[in-house]
Structure formats: structure tokens, C-alpha cells
Amino acid sequence: MAEKQYVVFNLDGQEFAVDINRVKTIEKVTPITRVPGSLDFIMGVINLRGEVIPVIDMRRRMGMKPGKFNDESRIIIVVVNDMEVGMTADSANEVINIEDDQVENNMEFSRNIDDSFVEGVGKAEKRIVVILNLERILKID
Amino acid sequence: MDPNQFLDIFLEESNEHLESLNNCLLELERNPADREVLDEIFRISHTIKGMAGTMGFNRTAELTHEMENLLDDIRKHKISVDTGLVDLLFECLDELQIIINTIALEGVEGDKEVSLLINRLRKVLNKEEIKVETEDSGQKNDMELNMHESGVVSKAKQQGFNCFIIEVRLDKSCMLKSARAFVIFNTLEKKGEIIKSYPSVEDIEDERFNDLLKLVLISRDSMDEIRKSLDLVSEISDIKIHETNIPDEIDNINVNEETAGVSSGGPEDRSLAKKSITGKTVRVDIERLDNLMNLVSELIIIKTRLEENKGDEGSGGDTEALEYLERITTNLHDAVMKVRMVPIERVFNRFPRMVRDLSKDLGKRIKLYMYGEETEVDRTVIDEIGDPLIHLIRNSIDHGIEQVDERNRLGKPSEGKVTLRAFHDGNTVVIEVEDDGKGIDVKKVSNKAVELDLYSRQQIEQLSHEELTNLIFYPGFSTSLSVSDLSGRGVGLDVVKTKIESLGGMVEVESEPDIGTKFVIRLPLTLAIIQALLVSLGRESYAIPLSSIKEIVTMEHTETKKVQDREVVMLRGELLPVVRLDKELEVEERSDMGNQMTVVVVKKGEKLAGMVVDSLIGQQEIVIKALGKYLVGIKHIAGATILGDGRVSLILDTNQFF
């Protein structure tokens with residue numbers, strides 16, 4: 001049975017997942033510089049070992065209430081269309097395996113999440129995680 | 001051996017060779033009698049043939065083989081060079097380029113048919129061959145000395161040297177003729193200087209000779225001594241040496257220019273020179289260089305941080321070590337920057353062909369003049385500047401230069417002139433594209449501007465000639481003014497402007513009716529490192545490129561006035577528009593600066609504007625980092641940099657505030 005690995009992270013008490021192949025690294029939060037005139041969900045840019053990487057405020061993007069960074073907070077660096085972009089997370093410390101047939105793509109959400117951000121819902125050992133569509137979240141058309 | 005391992009090298013070298021082939025063909029067209037160019041073309045075709053053969057690209061090998069045959073006959077004067085022939089060779093070049101591109105994409109030659117071209121090449125070959133008798137007589141004349149060589153010989157004689165013509169016949173059973181020839185050369189070179197050999201060094205290296213070697217040697221030793229040293233070399237069947245008597249013989253020596261070009265030092269000398277040049281360069285992947293550059297900039301950052309901490313402990317030893325570190329980083333930085341510099345020739349190279357083809361297509365007569373090809377610019381600039389320049393040159397040829405009869409009517413020389421010029425000006429590189437065509441029709445431009453609602457009729461009349469001409473950079477301008485097969489590609493000069501500005505440069509146009517148009521592009525020398533002023537706004541800090549700052553003044557808030565809804569101050573009797581950076585950049589938490597305000601006066605061309613900041617942090621050398629593709633097109637920001645404390649600071653694009 002084919003299965004994929006996903007990085008699981010937490011936002012406002014909910015679990016989300018991204019395909020591990022798209023994750024470059026997971027970083028602790030470093031100072032973020034605001035970029036005036038950028039899209040509202042872009043928090044700013046960070047210095048990642050000499051490179052300037054934009055960071056997305058995921059709580060804001062997902063329509064959640066603003067949170068504060070703490071020791072658990074992370075920035076997940078993902079690669080989309082050859083671009084490196086950071087996504088904030090309340091915590092991120094798990095990698096899980098989900099079998100392909102345990103991912104459902106057509107699901108209605110009662111939660112307040114924009115459906116188009118969701119690629120599917122994966123089940124693994126009684127847990128349910130929301131697998132995100134990175135292109136949509138980054139608003140890349 | 002896995003050929004794929006060498007594919008990259010093959011592709012890169014092929015492209016290089018095709019580029020020089022292109023240049024040589026252009027030169028040949030201008031100057032059909034130039035033997036050196038012909039030899040070079042032959043050499044290139046030969047090299048490509050060899051490489052393609054090794055890689056198993058048979059079509060390429062076949063085509064270049066036929067080209068070689070044709071070129072060989074041109075060299076032997078069996079065929080003369082005319083436009084048709086050059087066109088045919090150009091077609092071959094295009095074909096080769098297509099094949100190479102296909103190989104680059106797919107790894108195989110593709111099924112592009114080359115037989116048609118090959119047939120045409122053969123046709124040219126055969127037609128001419130009938131007229132020409134076989135030539136075998138070449139051998140005898142091959143020891144003729146050209147003017148330069150006989151000059152050397154007679155000078156050597158005056159200084160008491162002897163000059164010998166040596167004929168060495170190798171043993172029939174000799175297996176490694178090249179190696180044996182090499183030993184002979186070595187032996188003789190210990191005795192004196194070989195000024196000429198037949199066959200040429202190249203041919204000997206490739207074993208393209210029979211048994212006979214002829215050499216001209218200048219030496220202080222006597223004939224016997226030389227014979228003695230040659231006797232020690234084995235596998236030689238016969239040695240003949242006789243002395244040349246140049247002063248008497250000089251009249252007999254055929255100093256025909258043409259033979260001088262072909263069989264003399266020409267080809268071999270140049271191939272030797274070529275070798276030494278290529279020996280000094282190394283191909284480096286641009287990514288590796290960038291990586292090196294990143295490491296250097298991190299080194300600079302850490303150095304800055306160390307300097308900031310110095311005050312805390314500061315023993316003498318530390319300071320010394322720090323100074324040493326500083327010296328090293330500065331040197332390293334300079335070195336890396338230099339590695340990234342390449343002559344702008346790389347971009348310019350493709351233009352002569354383009355101009356030739358375009359003017360042929362349009363039935364115009366145009367000559368391209370290029371100056372300052374050796375001007376060095378950063379690699380990042382080179383990669384980006386090609387397209388805008390192509391656009392401007394096309395523009396000049398298509399819309400600038402008039403048809404021949406029109407030019408005649410105006411009393412201009414019938415051959416139009418496009419000039420491409422590059423030079424350094426302080427910290428910038430200037431590239432100019434100038435034509436002697438009809439100039440920009442200011443009336444048409446003004447009508448269009450009104451049509452596009454950029455200005456009202458009254459406003460247009462207030463604009464200067466210069467301002468009007470520069471309107472052509474607005475979107476929607478050039479295309480509609482000038483639709484044709486050529487430039488009507490749906491892109492206008494606004495694209496050029498945007499591109500140049502995204503590189504941190506600017507472009508302006510000067511134009512006189514019936515005299516011509518000149519585009520002036522100004523680019524930063526490097527896009528990587530600049531001097532900048534760091535300023536603070538609230539709790540944020542921004543960098544302003546020093547090159548755009550004119551001065552810094554402090555003023556009272558009460559000095560500002562409102563003129564037509566814009567805030568201005570008087571600076572030495574001139575009105576200076578004021579930009580409230582905190583508002584433009586939506587800075588929160590503004591610190592209260594009392595009644596004083598610090599104004600950074602920035603310039604854009606002749607225009608000035610005052611940017612109000614909270615305070616100045618200081619001047620610093622900063623490494624420019626792109627914001628990345630994801631954040632492209634952020635209006636006021638030109639890029640980012642990393643400060644000594646590791647934070648990111650944004651670089652303001654001051655041009656956007658005017």
C-alpha cells in the first residue's frame with residue numbers, strides 16, 4: 001500500500017499537514033521584518049542563514065484569531081514553485097505516515113476554513129489531519 | 001566512458017564555438033579575402049566536428065564535415081567567397097544552433113534533417129571542382145618564408161646566427177610519428193629556435209604528415225653539431241641540412257602575402273596562443289559563485305557583529321585579530337566580486353548578426369558600430385540586460401532608420417548607422433543605443449498621450465520636448481505607434497523601462513527630428529553590494545541607497561506648506577516636495593521627534609524630493625538580497641539586506657516616491 005509522510009503542525013488547536021517533500025526545514029521563530037505594501041497575510045521576511053525568506057501568518061490566512069509566539073512556535077519553510085516561503089505554526093514536531101487511500105479529497109467542512117485551502121483530509125491511527133493546498137494558501141495562480 | 005558526463009561540457013563549448021563562428025562569418029562577409037578568418041572558421045568547424053563525433057552526434061558531425069570540405073576548397077582558392085556562400089554558411093550555423101539547442105533540451109540530436117543543407121554544400125563543392133585540376137604541387141612551395149620570417153632570419157644572420165633548412169625523413173617503420181617528431185623538435189630547440197615547420201605543429205600533433213619534416217632553424221651552432229645531435233635520435237632514415245643564405249636568397253623568396261597567411265606561422269601560432277588563454281580560465285557554475293558570495297556576505301555580517309561587541313572586552317590581541325579579519329574579508333569580497341564581472345561583449349556579440357538579418361529583411365542598409373565591448377559588468381546584469389537591448393536595437397532599426405530612398409531624399413548617407421556604446425561612469429555602467437534615423441515624432445506622442453488620458457491638451461503644451469519624448473515609456477505607447485512584423489510583438493518600451501528599473505537602473509531617451517534617437521541606460525555596476533544610509537522609522541529601520549541621496553537637512557515641522565494638496569518645504573529658494581515615509585510605509589508606533597524633522601533629500605534625474613525620517617542610524621555597506629519571486633512587485637521596496645545583528649532591513653526604492 002502506498003503511503004506518504006506528512007509534517008503535522010498545530011494552529012489554534014487544530015492539526016494540519018503538509019507533504020514532507022515540500023518541507024525544507026522547520027525553524028524557531030526569528031525576528032520578522034514587516035514588508036509594507038505586501039499582501040495582508042504576509043507577516044514579513046526573515047533571515048534564514050543569509051537568505052531572505054517571506055513568512056506567511058498562517059493564523060491570519062486561515063481566518064483564525066491572532067496568537068502570540070512562544071517557545072513552541074515554529075516557522076515551517078516550504079518550497080512551492082521553486083520559491084521558499086515560511087509558514088508560522090503554533091507548534092510542529094511530528095511526522096506521520098498516511099496511506100493514500102486514507103486521504104479523502106471531497107469533504108465538506110463545518111469549520112471556518114476556506115475549503116479551497118484544503119487538499120484533503122487524512123486519517124491515521126484515529127487522528128484526523130487537514131492536508132493543505134500550498135499553492136492556494138500562497139495565492140499562486 | 002559515459003558520454004553523458006561530458007554533455008554539459010560539450011554543450012557549453014559548442015555554444016561558445018558557434019558564437020565565435022557567427023562572429024567570424026560576419027567578418028568574412030565584410031572581408032572575404034581575410035585568410036585568418038577563414039582559417040578560424042575552418043578550425044571551429046573542425047573542432048565541433050571532432051566533439052560531435054566523440055559524443056556520437058552524427059548529424060552535427062556530418063554537417064560540419066561537409067562545411068569543412070567546402071571551407072577547405074575556399075582556402076585552396078577553388079571557390080570564391082560571395083554573399084550566397086556566406087548565407088549558406090549562416091544557414092549551416094543556424095542549423096547547428098538548432099541541433100545543439102535540441103541536444104540541450106532532450107539530450108539527443110532530434111530528427112532534424114540536415115541532408116538538404118549537406119546536398120547544397122556538396123553542390124557548391126562539385127560545381128567548382130570540375131574546373132580545378134588536382135593540386136599536388138603545394139609541397140614544394142611550403143618552405144617559402146613570409147616577409148616577417150625572412151626579416152627574422154636576416155636579422156639573426158646580422159647578429160651572427162646561422163640559419164638552416166633541415167629536412168628529416170623518418171624511418172618507414174616508425175610507429176609513433178608524432179612522438180618522434182616531438183623528440184626532433186625538442187632536440188633542435190635546445191640548439192636554437194625553430195621559426196617555421198612543415199607540416200605545421202598542429203598537423204604533426206594529429207599525425208597528418210607522411211615521413212618528411214622540414215624545419216627552419218636559427219642557431220649559433222654549426223651544421224655539424226646539429227647533425228650530430230640529430231643522429232642521436234633513432235628511427236630517422238635521412239637527414240639533410242643546408243644553410244640558407246638569406247641576403248642573397250631574399251629576392252628569390254616568394255613573399256606572397258597569401259602564402260604567408262596560409263602556410264606560415266599563422267595557424268599554429270594562433271592555436272598556441274588560444275591554448276594558453278583557455279588554460280587560464282575555469283568554468284564555474286554561477287550557483288557556486290553565488291554560494292561563495294553568500295558565505296562572504298555572512299563573513300562580513302559576523303565581522304560587523306564582532307566589531308560591535310568589541311567594546312565589551314577589548315583586549316589588544318582581539319583588536320589586532322579583528323583588523324586582520326577585516327582585511328581578509330575585504331579582500332575576499334573584492335575577489336569574489338571580480339570573479340562575477342564579465343565583459344559586456346557577451347551580450348553585444350549577438351547584435352551584429354541580428355542587425356545584419358533585420359536590415360536584410362527590411363531592405364534597409366544599416367551598419368552597427370559597437371564601442372566599449374570590454375566594459376565589465378556584474379554577471380547578474382549581463383543576464384538581464386540582453387532582452388531590453390534587443391528591443392531597443394530592433395526599435396532603432398525598425399522605426400528609427402529610414403528606407404534608403406527616404407534617406408537619400410533627406411540628404412543623409414544611404415547607409416543608416418546604429419551605435420551601441422558601453423562605458424563606466426562612476427559607480428554605474430552606461431549603455432547607449434543611438435541611431436541616425438528619423439527621431440521620435442513628438443506630435444504623435446502628444447496626441448497619443450491625450451488619447452490615453454495621461455494629460456489634458458493644456459497640460460501637454462506645458463511639457464518640454466524632453467518630457468514629451470520620454471512619454472514613449474508609458475504602457476500602451478510604442479506598440480500602437482509602430483505596429484509592424486518586427487516590433488509589433490505586443491511589448492512596448494514600458495517593458496524595457498520596467499526591466500531596467502527592476503535592475504536598479506534608469507533609461508532615458510533623447511531625440512531630434514530627422515537627426516536621430518538616443519536611448520541612454522544607466523545601471524549600477526553591481527547589483528550585489530552598495531553603500532547605503534540606514535534610517536529609522538518607528539521601531540523599523542530602512543536602507544536608502546547612498547547613490548540616490550543628495551543631502552540631508554533638518555527642519556522644523558512648521559516650515560512645511562501645502563501646495564495643490566502636496567506638502568512642500570522651501571530649500572534654498574526651491575520648492576521641495578515632502579514625502580512622509582511613515583505614512584507611505586504605514587509605519588505604526590511612530591516615535592515622537594518633537595518639532596524637528598530629519599529630511600533625506602533624494603534625487604531622481606533632475607527631480608528632488610525630501611523624505612522625512614525619524615532619525616539616522618548611519619552609513620553602511622550592504623549586501624543586497626532579493627525579496628524573492630514570491631514578493632515581486634512590492635512598490636516602494638527595492639530589496640532587502642541583512643544587518644549585523646542578523647535582522648532583515650528593507651531597501652527603499654526612492655524612485656517610487658516621486
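Predicted model, so just to flag it, every value in this text is computed and none were measured. In what follows, chains carry the letters A, B, and so on, assigned in the order in which the sequence lines appear, proteins first and then strands, with residues in each chain numbered from 1.
- Nearest heavy-atom pair, B:Y630 versus A:L138, reported as atom, atom and distance to 0.1 Å: OH-O, 2.6 Å.
- No other option in B:E540, B:K635, B:H636, B:E584 has as many heavy-atom pairs under 4.5 Å with chain A as B:E540.
- Only the side chain of A:I56 has a heavy atom closer than 4.5 Å to any heavy atom of chain B.
- With a threshold of 4.5 angstrom between heavy atoms, B:I642 approaches chain A through side-chain atoms but not through N, CA, C or O.
- Expressed to the nearest 0.5 Å, how far CE of A:M83 lies from CG of B:L631 amounts to 9.0 Å.
- Put simply, the side chain of A:V45 reaches to within 4.5 Å of the side chain of B:L650, judged on heavy atoms.
- Of all the heavy atoms in B:V648 and A:I46, the pair that sits closest is CG2-C, 3.5 Å.
- Of residues 29-37 of chain A, those residues with a non-hydrogen atom less than 4.5 Å from any non-hydrogen atom of chain B are, in numerical order, A:P31, A:T33, A:R34, A:V35, A:P36, A:G37.
- Remark: A:R136 CZ is loosely packed, at most 12 non-hydrogen atoms of other residues, nucleotides or ligands lying under 6.0 Å away.
- The local environment of CG in A:D71 is sparse, with at most 12 non-hydrogen atoms from other residues, nucleotides or ligands closer than 6.0 Å.
- With a 4.5 angstrom heavy-atom cutoff, B:I637 touches chain A only via side-chain atoms.
- The residue among B:A640, B:G646, B:G639, B:S541 with the most heavy atom pairs within less than 4.5 Å of chain A is B:G646.
- Contact of A:V85 with chain B is made through the side chain alone, with heavy-atom distances under 4.5 Å.
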